Amino acid sequence: MTGARATAVRRRLLAVPLLAGLLAGCGIRATEVPTDFGAAPSRARCSLTGPDGTAPSGRAGVPVRVFLLCGSSLVAVDRSVRVPDGTVDSARRALVAQGLLDQLAGSPSAAEKKAGYTTDVRGGMSVRGPGPKDPDDALRLSVSPGSLTSYALAQLVCTFSDSAAAEGDGVILAGPAPDPLRRYECTDEVRTRPGSTEPPSSAVADGG
């Protein structure tokens, strides 16, 4: 090999890594290089299952579910409310509703907080059964539903609708009389976007 030809070969060999560097700089991958992007995001958020995969044991009382906030969605968690044995249905509905309201207004448990759960329902509210001219399944809050945040209203509507406090589809809610009654529904959109989607509602006539 002549000196000139050997020099040309060396120049070509030196150009290979330079070309690879230029290609990489232009966004073109010259070779497949394994890349470590770190660990996958944790799936523990919004999960209350224990290390053995079971849910925490509930407390004594009637098993219920309440909807808490986790991230930007509503997620159901197991709770319980106390209702005396022998309570008639009309009174039972109001007792369950008050128990659910108290659960929503209370601070989430340590395990729930760790999992990312919060609540927008504030304390100091009460709920009772229907007034003299209201349908039998109506519930009247101590405040008008319209005064609640969209998150709090979504929590109440979805929790009541999924319980013995309501009959049929949705739940009939109002504030103190003469606040007009409305039937509220808990939809998939409300559960996934409670901050921007208010529960659909329709007017309810007195006595029906």
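The shown structure was predicted, so the numbers you read here are calculated from the model rather than taken from an experiment.
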Find the distance between [atom1] ([X]) and [atom2] ([Y]) and round it off to the nearest 0.5 Å.
{"X": "S201", "Y": "L181", "atom1": "OG", "atom2": "CG", "result": "11.5 Å"}
{"X": "L148", "Y": "L141", "atom1": "CG", "atom2": "CG", "result": "6.5 Å"}
{"X": "S161", "Y": "Y184", "atom1": "OG", "atom2": "OH", "result": "11.5 Å"}
{"X": "F160", "Y": "D137", "atom1": "CZ", "atom2": "CG", "result": "13.0 Å"}
{"X": "S163", "Y": "R79", "atom1": "OG", "atom2": "CZ", "result": "14.0 Å"}
{"X": "S72", "Y": "Y151", "atom1": "OG", "atom2": "OH", "result": "7.0 Å"}

* Asked: Are M125 and F67 connected in a single hydrophobic cluster, I mean Ile/Leu/Val/Met/Phe/Trp/Tyr linked by side-chain heavy atoms less than 4.5 Å apart?
  -> no

* Asked: With a 3.5 Å cut-off and no angle check, do the side chains of K114 and S109 form a donor-acceptor pair?
  -> no

* Asked: Is there a side-chain hydrogen bond (donor to acceptor under 3.5 Å, both in side chains) between T118 and K113 once you walk through the steps?
  -> CA-CA 7 Å; T118 61; K113 288 180 179 179; over 6 Å; no

* To do: Determine, step by step, whether V77 and E112 satisfy the side-chain contact (heavy atoms from CB on, under 4.5 Å) criterion, reporting the C-alpha distance in whole Å, the side-chain angles of both residues, the deciding distance to 0.1 Å, and the verdict.
  => CA-CA 9 Å; V77 300; E112 290 166 350; 3.9 Å; yes

With the side chain counted from C-beta on, respond yes when [X] and [Y] share a heavy-atom pair under 4.5 Å apart, and no when they do not.
{"X": "D179", "Y": "P145", "result": "yes"}
{"X": "S126", "Y": "S142", "result": "yes"}
{"X": "S150", "Y": "E198", "result": "yes"}
{"X": "T187", "Y": "P199", "result": "no"}
{"X": "V171", "Y": "V157", "result": "yes"}

* Heavy-atom closest contact (T119 atom, G106 atom, distance) -> CG2-O, 3.7 Å

* Asked: Which heavy atom in Q103 sits nearest to a heavy atom in V66, and how many Å separate them?
  -> CB-CG1, 4.0 Å

* Asked: Would C158 and V190 count as a side-chain contact (heavy atoms from CB on, under 4.5 Å) if you check the C-alpha gap in whole Å, the side-chain angles of each, and the deciding distance to 0.1 Å?
  -> CA-CA 8 Å; C158 289; V190 171; 4.0 Å; yes

* Asked: Can L74 and L69 be said to form a side-chain contact (heavy atoms from CB on, under 4.5 Å), step by step?
  -> CA-CA 5 Å; L74 293 182; L69 296 166; 3.3 Å; yes

* Among L173, I172, L156, find the one that has a side chain to side chain contact (heavy atoms under 4.5 Å, CB included) with L139. => L173

In residues 92-102, what donor-acceptor pairs under 3.5 Å come from side-chain atoms, sequence neighbours left out?
unit_1 : atom_1 : unit_2 : atom_2 : d
R93    : NH1    : D136   : O      : 3.1
R93    : NH2    : E167   : OE2    : 2.4
Q98    : OE1    : V127   : N      : 2.8
Q98    : NE2    : D102   : OD1    : 2.9

* Name all residues meeting the salt bridge (charged side-chain N to carboxylate O under 4.0 Å, His left out) criterion together with R193; count only those two or more places apart in sequence or in a different chain, and write none if there are none. => none

* **Any residue meeting salt bridge (charged side-chain N to carboxylate O under 4.0 Å, His left out) with R191, in chain and number order, not counting sequence neighbours** => D188

* To do: Would you confirm whether S73, through its side chain, and C70, through its main-chain N or O, come within 3.5 Å as a donor-acceptor pair?
  => no

* Asked: If only atom types and distance count, is the side chain of Y117 paired as donor or acceptor with the main-chain N or O of P108 below 3.5 Å?
  -> no

* To do: Could you walk me through whether R140 and D134 pass the side-chain contact (heavy atoms from CB on, under 4.5 Å) test, one step at a time?
  => CA-CA 9 Å; R140 285 194 175 271; D134 295 341; 2.7 Å; yes

